[in-house]
Undergrad: 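Before I ask anything, here is the structure I am working with.
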Amino acid sequence: MDVRVRFAPSPTGFLHVGGARTALYNYLFAKKMKGTFILRIEDTDRERSTLEAEKAIMEDLEWLGLLWDEGPYRQTERLSLYKEHALDLLKRGLAYKCYCTESEIEEMREEMLLKGIAPRYNGRCRDLSEEERERFEKEGRKPAIRFKVPGDGEITFEDIVRGHFKFSLADIGDFVIMRSDGIPTYNFAVVIDDHYMGITHVIRADEHIANTPKQLLLYEAFGWKPPQFAHVSMILGPDRSKLSKRHGAVAISQYRRDGYIPEAMNNYLPLLGWSSPDDREIFSMEEMIEAFSLDRLSKSPAVFDIGKLTWMNGHYMRSLPLEKIYEYSLPFFLEKGFSMNEEWLKKVVFVYREHTSTLREMVEEALPLIRFSLPFSSDVEEVLEGEDVPKILEAFLEVFYPFKYKEVSSSEIWELLKEVVSKVGLKRGKVLFPLRVAITGRRSGPELYYIIELIGIKEALRRVQEVLSYIKGK
RNA sequence: GCUCCCGUCGUCUAGGGGCCUAGGACACCGCCCUUUCAAGGCGGCGGCACGGGUUCAAAUCCCGUCGGGAGCGCCA
């Protein structure tokens, strides 16, 4: 049978790293098995679902390149299907109408919690008499539909990641499958959708483990064959609690804005809970698909380490084709005030990507190319206070002046710089460091000859001249 | 409170009775290279939560303790 998997986010917020990893696992498995990857929007929470969130999630998936083969399906567009099946259960006596109000249930819950028993619905409306039902209807109460959980016995299943599970039915209360407003609940809609969409493997976060027995009960009630389950452990924050906003950036879109690139996300995220049989950690998407398998998913939760993500991002900054990094970085350049000049910007990328870990950092580092203003910050200016500095700057002016209007390559600039060095008669570093500072206003950066090539000799001369007058006037 | 899950360097992980003197990656430290940064190269630091068993042999199997987490909704 062909593998069919789904990613089923609820559009109540942005795609976060945990969701992205789940999507990735589903995607990788689908591609590996030459199966189908389905996107399903679980929008049955009418209060919190928004169209914006749905759009944002899809955009992020597209940015990552996790394109779905089918969908998006929306649960709110399938309401009649759920209703039909709820009615069927009702008719067969496997479900019943419940007239309890929220406050009544809340009361019940607190009472049970106080008594130290697992809070669950006590089945109050299971066997209502005809009169009671009529009374409630007359009161105008809108019933929800609850599934009748068999009182005893147990339910078991095999999880691909965690092995054998056994739940006692006595611990599961009758749960709502249809809200009083006619919208299905999660546990109900999932089962119906997974069945009709032919889902063969459910790969999801392990917070759903406790839901699985309820869903299995529904499969049983309908006489359907359940899919295989793979419950993946969660992603934690540095304090080992569930990763959330208070730990810093969790939204994929935030990482995009911060200058992370999809190749790095797609490589790093799966490694949080999956490892390859060899010691490899760097994978292209194709390699990852090839290497991926569910049986190497880890049981224990993983702490999200932005440091390693950043390292990996830097790796991809350097190893991806220049063209690609240029494309990714363009919006960052334009936003920072660089003007559109493809040939020149590509050179900037060529030079600066060697030194930086994110697109944002790269553009930030390249800022001195288009911005130059005195005074510099104090830790930078102290470099200019050295006694040899005027001599060095003058030597630079002398050597480079004849080339003021010439097109000179970086290797020729390097030769000229060496000439400056021998003219001054100090060690290379002693000469080039103050020059770098004078020309860029920064203590570090790429090779000076690249910088001079990028800003042009004329501009370099202007800057050095300006700094020279500046320090002389001090 | 109840149910369930998870515990290998700071972090991600390999390992699943002898190949373990516990391997790799990030981070950290040192050295090399160098245009005092970064990148790269080389080296170092650092871990089987604890206690009992089982066994000739335990990181690995069993039990307990401790620690962490999740679920217990007309949220998903």
Side-chain angles (χ1 to χ4, degrees), chain A residues 8-12 42-45 47-49 98 100-102 105-106 109 112-121 142-146 159 162 165-168 171-173 175-181 183-187 189-190 204-213 231 233-234 236 238-242 268 271-282 296 298-312 314-315 317-318 352-357 361 365 383 414 417-418 421 427-433 435-436 442-449 451:
Chain A
S10 64
T12 54
E42 309 220 321
D43 55 354
T44 52
D45 184 346
E47 311 266 278
R48 298 190 301 146
S49 296
C98 170
C100 296
T101 64
E102 266 180 72
I105 286 169
E106 186 52 36
R109 238 178 74 84
M112 293 174 106
L113 227 34
L114 224 68
K115 282 188 195 153
I117 37 182
R120 57 171 185 271
Y121 184 66
K142 287 257 176 295
I145 300 176
R146 281 185 191 272
D159 187 275
R162 285 150 200 280
F165 275 100
K166 186 164 83 183
F167 287 91
S168 163
D171 293 331
I172 304 171
F175 54 92
V176 171
I177 55 175
M178 281 295 233
R179 299 179 175 87
S180 45
D181 62 1
I183 309 287
T185 60
Y186 165 74
N187 280 124
V190 184
R204 57 168 33 162
D206 77 0
E207 50 195 329
H208 289 294
I209 290 176
N211 286 319
T212 310
H231 286 100
S233 60
M234 294 192 317
L236 272 26
D239 65 352
R240 304 208 135 258
S241 68
K242 190 171 170 174
Y268 175 70
L271 258 22
L272 251 29
W274 178 84
S275 61
S276 82
D278 50 36
D279 273 330
R280 216 151 39 120
E281 296 207 295
I282 298 293
R296 292 193 64 86
S298 161
K299 286 198 256 268
S300 44
V303 173
F304 184 78
D305 180 6
I306 192 163
K308 186 155 182 178
L309 203 215
T310 305
W311 164 78
M312 198 170 270
H315 167 84
M317 293 273 293
R318 268 163 254 123
Y352 278 85
R353 71 168 177 171
E354 293 301 324
H355 304 254
T356 49
S357 299
E361 188 196 354
E365 285 291 310
V383 177
W414 180 222
L417 282 173
K418 285 197 276 196
V421 170
K427 271 180 66 184
R428 210 176 255 181
K430 290 273 181 230
V431 177
L432 295 177
F433 186 46
L435 266 182
R436 161 191 302 287
R442 297 214 181 168
R443 299 175 65 112
S444 62
E447 289 82 351
L448 233 203
Y449 51 78
I451 294 168

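Every chain is numbered from 1 and lettered A, B, ... according to where its sequence line falls, protein lines coming before strand lines.
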Undergrad: Can you tell me the pairing partner of B:rC20 across any strand shown, Watson-Crick or G-U wobble, with both distances under 3.5 angstrom?
TA: none
Undergrad: Please report the distance, rounded to the nearest Å, between NE2 in A:His208 and C1' in B:rU3.
TA: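 Rounding to the nearest Å, NE2 of A:His208 and C1' of B:rU3 are 17 Å apart.
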Undergrad: Taking B:rU21 as the reference, what is the distance to B:rC9 when you measure between their C1' atoms (whole Å, please)?
TA: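 Going atom to atom, C1' in each nucleotide, I get 16 Å.
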Undergrad: With distance as the sole test, does A:Arg436 use its side chain to make a donor-acceptor pair with the main-chain N or O of A:Pro446 at under 3.5 Å?
TA: yes
Undergrad: To the side chain of A:Arg318, which of B:rA39, B:rC37, B:rA76 is closest?
TA: B:rA39
Undergrad: Looking across every strand, which nucleic acid part, if any, lies under 4.0 Å from A:Met234 by heavy atom: base, sugar-phosphate, or nothing?
TA: sugar-phosphate
Undergrad: Is any side-chain heavy atom of A:Asp279 less than 4.5 Å from a side-chain heavy atom of A:Glu281?
TA: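 Side-chain contact under 4.5 Å: no.
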Undergrad: Separation of A:Glu47 atom CD from B:rG73 atom C1', in whole Å?
TA: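 Atom-to-atom, A:Glu47 to B:rG73, this comes out as 13 Å.
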Undergrad: When you measure from the side chain of A:Phe167, which nucleotide among B:rA76, B:rC4, B:rC12 comes out closest?
TA: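 Closest of the options to the side chain of A:Phe167: B:rC4.
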Undergrad: Counting Watson-Crick and G-U wobble pairs only, both distances under 3.5 Å, name the nucleotide matched with B:rC33, or none.
TA: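 Here B:rC33 is not engaged in any pair, so there is no nucleotide opposite it.
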Undergrad: Base, sugar-phosphate, or nothing for A:Ser10, non-hydrogen atoms under 4.0 angstrom?
TA: sugar-phosphate
Undergrad: When you compare B:rG52 with B:rA70, how far apart are their P atoms, in angstrom units rounded to a whole number?
TA: 32 Å
Undergrad: Which class fits the ring pair A:Phe165 and A:Phe167: parallel under 30°, tilted 30 to 60°, perpendicular over 60°?
TA: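 Rings of A:Phe165 and A:Phe167: parallel, as their planes differ by under 30°.
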Undergrad: Taking only the P atom of each, what is the distance from B:rC42 to B:rC33 in whole angstrom?
TA: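 That atom pair is separated by 15 Å.
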Undergrad: Does the A:Ser357 side chain pair with the main chain of A:Gly314, one donor and one acceptor, at a distance under 3.5 Å?
TA: no
Undergrad: Would you kindly give the CG-to-C1' distance between A:Leu432 and B:rC37, to the nearest whole Å?
TA: 14 Å
Undergrad: For atom C1', what is the distance between B:rG16 and B:rC62, given to the nearest Å?
TA: 15 Å
Undergrad: Within this structure, what is the NZ-CG distance for the pair A:Lys418 and A:Leu432, rounded to the nearest 0.5 Å?
TA: 10.5 Å
Undergrad: Please confirm whether the backbone N or O of A:Val176 pairs with a side-chain atom of A:Thr185, one donor and one acceptor, at under 3.5 Å?
TA: yes
Undergrad: Would you mind telling me which residue lines up with the more 5' stretch of RNA chain B, A:Ser298 or A:Arg436, judged by nearest nucleotide?
TA: A:Ser298
Undergrad: Could you state the atom-to-atom distance from CZ of A:Arg204 to C1' of B:rG71 in whole Å?
TA: 13 Å
Undergrad: Taking OP1 and OP2 of B:rA14, is either one under 4.0 Å from a side-chain nitrogen or oxygen of A:Ser275?
TA: yes
Undergrad: Given B:rU11, B:rC74, B:rA76, identify the nucleotide with an atom nearest to the side chain of A:Ala144.
TA: B:rC74
Undergrad: From the set B:rA76, B:rU3, B:rC4, return the single nucleotide nearest to any side-chain atom of A:Asn211.
TA: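 The listed nucleotide nearest to A:Asn211's side chain is B:rA76.
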Undergrad: When you measure only distances, ignoring hydrogens and angles, does the side chain of A:Thr185 come within 3.5 Å of the base of B:rC74 through a donor and an acceptor?
TA: no
Undergrad: Quantified in whole Å, what is the P atom distance between nucleotide B:rC74 and nucleotide B:rU11?
TA: 38 Å
Undergrad: Tell which nucleotide pairs with B:rU65, taking only Watson-Crick or G-U wobble pairs whose two distances are both under 3.5 angstrom.
TA: B:rA49
Undergrad: Starting at CD1 of A:Ile172 and ending at C1' of B:rG71, how long is that distance when rounded to a whole Å?
TA: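 Checked: the CD1 to C1' distance equals 12 Å.
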Undergrad: Return the value, rounded to whole Å, for the distance between atom CD of A:Glu447 and atom C1' of B:rC37.
TA: 11 Å
Undergrad: For the side chain of A:Arg240, counting heavy atoms from C-beta on, which of B:rA76, B:rC6, B:rU11 is nearest?
TA: B:rU11
Undergrad: Atom CD of residue position A:Glu106 - does it have more than 12 heavy atoms of other residues, nucleotides or ligands inside 6.0 Å?
TA: yes
Undergrad: Hey, is the main chain of A:Met317 close enough, under 3.5 Å, to the side chain of A:Arg353 for a donor-acceptor pair?
TA: yes
Undergrad: A side-chain contact here means heavy atoms from C-beta on lying under 4.5 Å apart; do A:Lys242 and A:Glu207 qualify?
TA: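 SC-SC contact between A:Lys242 and A:Glu207 confirmed.
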Undergrad: Assign A:Gly273 to base, sugar-phosphate, or nothing according to its heavy-atom contacts below 4.0 angstrom with the strands shown.
TA: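 Touches sugar-phosphate only.
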Undergrad: With sugar-phosphate meaning primed atoms plus P, OP1 and OP2, does A:Trp274 contact a base, only sugar-phosphate, or nothing at under 4.0 Å between heavy atoms?
TA: nothing
Undergrad: Starting at CD of A:Glu354 and ending at P of B:rA39, how long is that distance when rounded to a whole Å?
TA: 11 Å
Undergrad: Whom does B:rG71 pair with, Watson-Crick or G-U wobble, provided both distances fall under 3.5 Å?
TA: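 Looking at the geometry, B:rG71 pairs with B:rC2.
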Undergrad: Measure from CD1 on A:Ile451 to P on B:rA38 and round the result to the nearest Å.
TA: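 After rounding, the reported distance stands at 15 Å.
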Undergrad: Please tell me which of the listed nucleotides, B:rU13, B:rG71, B:rC74, lies nearest to the side chain of A:Ala302?
TA: B:rU13
Undergrad: From C-beta outward on A:Arg162, which listed nucleotide comes closest to its side chain: B:rC74, B:rU3, B:rC6?
TA: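 Ranking B:rC74, B:rU3, B:rC6 by closest atom to the A:Arg162 side chain puts B:rC6 first.
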Undergrad: Which whole number of Å gives the distance between the C1' atom of B:rA27 and that of B:rC45?
TA: 12 Å
Undergrad: At under 4.0 Å between heavy atoms, what does A:Leu272 touch on the DNA or RNA strands: base, sugar-phosphate, or nothing?
TA: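 Contact class for A:Leu272: sugar-phosphate only.
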Undergrad: When the P atoms of B:rG30 and B:rC37 are considered, how many whole Å apart are they?
TA: 12 Å
Undergrad: A:Arg146 near the nucleic acid: base, sugar-phosphate alone, or nothing, with a heavy-atom cut-off under 4.0 Å?
TA: sugar-phosphate
Undergrad: With heavy atoms under 4.0 Å as the rule, sort A:Thr44 into base, sugar-phosphate or nothing.
TA: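 Sugar-phosphate, backbone atoms only, no base.
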Undergrad: For the C1' atoms, the ones on B:rC31 and on B:rC50, what distance do you get once it is rounded to whole angstrom?
TA: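 The same atom, C1', in both gives a distance of 40 Å.
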Undergrad: Among B:rA14, B:rC12, B:rC74, find the nucleotide with the atom closest to the side chain of A:Arg296.
TA: B:rA14
Undergrad: Would you check if A:Met312 and A:Ile282 make a side-chain contact, meaning some heavy-atom pair closer than 4.5 Å?
TA: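 Yes, their side chains come closer than 4.5 Å.
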Undergrad: Any base atoms under 4.0 Å from A:Phe165, or only sugar-phosphate, or nothing? Heavy atoms, all strands.
TA: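 Answer is sugar-phosphate: A:Phe165 comes under 4.0 Å of backbone atoms only.
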Undergrad: List the protein contact pattern of nucleotides 20-34 of chain B with one symbol per nucleotide (5' to 3'): B for base contact, S for sugar-phosphate-only contact, - for none; contact means a heavy-atom distance under 4.0 Å.
TA: ---BBBS--------
Undergrad: Between B:rC4, B:rC74, B:rA76, which nucleotide has the shortest distance from any of its atoms to the side chain of A:Glu42?
TA: B:rA76
Undergrad: Could you check whether A:His315 and A:Tyr268 have their ring centres less than 6.0 Å apart?
TA: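 For A:Tyr268 and A:His315, the ring centres are not under 6.0 Å apart.
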